Amino acid sequence: MKQSVLGLYYEDFEVGSEIRHALSKTIFESDNNFFSLLTMNHHPVHTNIDYAGKNQHGRILVVGTLVFSLVVGMTVPDISGKAVANLEYEGIKHLHPVFVNDTLYARTRVLDKRESKSKPDRGIVYVETIAYNQDGVDVLSFRRKVLIKKQPQSEQ
């Protein structure tokens with residue numbers, strides 16, 4: 001039996017390549033409610049059907065930071081499983097509303113990479129992730145820089 005692999009080494013990332021992440025997640029009402037309570041986001045557009053029904057989208061909106069958190073998590077097996085640290089998140093854009101019972105998927109493009117200037121055993125990978133729903137509509141995008149281990153000399 002082959003052992004599962006968590007993440008890629010720095011050398012495995014190719015600028016311009018795209019990763020379609022295997023993980024996906026349907027957001028349930030309980031997910032949104034729990035996250036709202038946990039993060040103290042009590043805005044009624046996320047928790048009150050009557051209020052949400054009388055506003056722009058006519059139904060409960062999923063908390064944007066929940067969408068972001070889930071998508072980051074969905075990318076871990078491929079992007080940051082061998083990370084030393086996530087160095088920076090930038091350009092987080094909510095492209096389309098996400099509703100209860102939407103299913104999220106994600107893809108990531110490798111934009112750039114460079115070796116660390118101070119640590120020869122790691123490098124920085126710059127990626128852009130786009131999340132999309134069950135209808136193929138892009139709902140979120142963000143970029144990040146991830147400090148990733150190089151492959152150990154014994155494995156090369």
Side-chain angles (χ1 to χ4, degrees), residues 1-36 38-39 41 45-46 57 59-156:
M1 180 184 296
K2 187 176 179 181
Q3 181 180 0
S4 65
V5 177
L6 179 61
L8 301 171
Y9 288 108
Y10 173 79
E11 294 85 356
D12 299 323
F13 289 92
E14 295 179 25
V15 174
S17 65
E18 183 175 271
I19 299 165
R20 294 217 172 240
H21 303 287
L23 295 179
S24 59
K25 171 71 172 121
T26 299
I27 302 176
F28 300 110
E29 183 177 21
S30 57
D31 299 324
N32 192 54
N33 287 342
F34 183 66
F35 194 83
S36 293
L38 184 66
T39 59
N41 184 341
V45 77
H46 303 303
H57 300 292
R59 54 188 167 151
I60 297 274
L61 285 173
V62 172
V63 178
T65 48
L66 171 56
V67 175
F68 175 70
S69 295
L70 287 171
V71 175
V72 169
M74 289 164 45
T75 69
V76 168
D78 304 311
I79 303 300
S80 57
K82 293 203 181 340
V84 176
N86 283 297
L87 300 175
E88 175 182 355
Y89 290 95
E90 65 181 32
I92 301 167
K93 297 177 185 172
H94 297 277
L95 306 171
H96 189 271
V98 175
F99 303 104
V100 170
N101 296 324
D102 277 355
T103 301
L104 298 176
Y105 301 90
R107 63 186 182 272
T108 298
R109 180 167 304 281
V110 180
L111 302 174
D112 198 11
K113 69 184 231 183
R114 68 171 179 82
E115 294 187 10
S116 170
K117 293 174 183 166
S118 59
K119 304 270 186 178
D121 65 336
R122 57 195 76 173
I124 297 169
V125 178
Y126 183 44
V127 297
E128 179 178 46
T129 298
I130 297 178
Y132 54 98
N133 67 17
Q134 67 281 352
D135 299 319
V137 176
D138 293 348
V139 299
L140 178 82
S141 69
F142 61 92
R143 292 179 175 199
R144 67 177 162 154
K145 292 179 181 171
V146 187
L147 185 62
I148 298 183
K149 297 175 191 174
K150 288 186 176 178
Q151 192 168 12
Q153 295 295 341
S154 62
E155 293 182 28
Q156 292 183 358

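In this text the structure is predicted, and so the values were computed from the model without any measurement.
Annotation: the span from Leu140 atom CG to His96 atom NE2 amounts to 13.0 Å, rounded to 0.5 Å. Distance check, rounded to the nearest 0.5 Å: OG1 of Thr108 to CZ of Phe142 gives 6.5 Å. If you take CG on Leu8 and OG on Ser80, they are separated by 10.0 Å, rounding to the nearest 0.5 Å. With rounding to the nearest 0.5 angstrom, the CG atom of Asn133 is 7.5 Å from the CG atom of Leu104.
Side-chain atoms of Glu11 come within 3.5 Å of backbone atoms of Gln151 as a donor-acceptor pair (strictly under, hydrogens ignored). Proximity of a side-chain donor or acceptor of Tyr10 to a complementary backbone N or O of Leu147 within less than 3.5 Å is not detected.
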If you look only at distance, which donor and acceptor atoms sit under 3.5 Å apart when one is on a side chain in residues 67-79 and the other is two or more places apart or in another chain?
{"residue": "Ser69", "atom": "OG", "partner": "Thr65", "partner atom": "O", "Å": "2.9"}
{"residue": "Thr75", "atom": "OG1", "partner": "Val72", "partner atom": "O", "Å": "2.7"}
{"residue": "Thr75", "atom": "OG1", "partner": "Arg144", "partner atom": "NH2", "Å": "2.6"}
{"residue": "Asp78", "atom": "OD2", "partner": "His21", "partner atom": "ND1", "Å": "2.7"}

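Phe13 pairs by the ring pair (Phe, Tyr, Trp, His ring centres under 6.0 Å) definition with nothing, not counting sequence neighbours. In this structure Asp12 satisfies the salt bridge (charged side-chain N to carboxylate O under 4.0 Å, His left out) test with no other residue, sequence neighbours excluded. Remark: Lys145 pairs with Glu88 by the salt bridge (charged side-chain N to carboxylate O under 4.0 Å, His left out) rule, at least two apart or across chains. Applying the ring pair (Phe, Tyr, Trp, His ring centres under 6.0 Å) rule to His94 yields no partners; only residues at least two apart in sequence or on another chain are considered. Under the side chain to side chain contact (heavy atoms under 4.5 Å, CB included) criterion, Phe28 pairs with Lys25, Thr26, Ser30, Asp31, Asn101, not counting sequence neighbours. With sequence neighbours excluded, the residues satisfying salt bridge (charged side-chain N to carboxylate O under 4.0 Å, His left out) with Glu128 are Arg143. Remark: Arg59 pairs with no residue by the salt bridge (charged side-chain N to carboxylate O under 4.0 Å, His left out) rule, at least two apart or across chains. Checked against side-chain hydrogen bond (donor to acceptor under 3.5 Å, both in side chains), Asp138 has the following partners two or more places apart in sequence or in another chain: Arg107. Looking at residues two or more places apart in sequence or on another chain, you find no ring pair (Phe, Tyr, Trp, His ring centres under 6.0 Å) involving Phe35.
In this structure the side chain of Asn32 reaches within 4.5 angstrom of the side chain of Val62, judged on heavy atoms. When side chains are defined from C-beta on, Val110 does not count as touching Glu14, because their heavy atoms never get closer than 4.5 Å.
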Under the side-chain contact (heavy atoms from CB on, under 4.5 Å) rule, what do Asp102 and Val139 come out as? Steps first, then yes or no, please. CA-CA 11 Å; Asp102 277 355; Val139 299; 5.8 Å; no

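The side-chain hydrogen bond (donor to acceptor under 3.5 Å, both in side chains) pairs that include a residue from residues 115-124 are Glu115-Lys150, where partners are two or more places apart or lie in different chains. Sequence neighbours left out, not one pair with a member in residues 65-76 passes salt bridge (charged side-chain N to carboxylate O under 4.0 Å, His left out).
Considering Glu90, Arg109, Lys113 as possible partners of Tyr126, the one that fulfils the side-chain hydrogen bond (donor to acceptor under 3.5 Å, both in side chains) test is Glu90.
The number of heavy-atom neighbours closer than 6.0 Å to CZ of Phe34, taken from other residues, nucleotides and ligands shown, is 12 or below.
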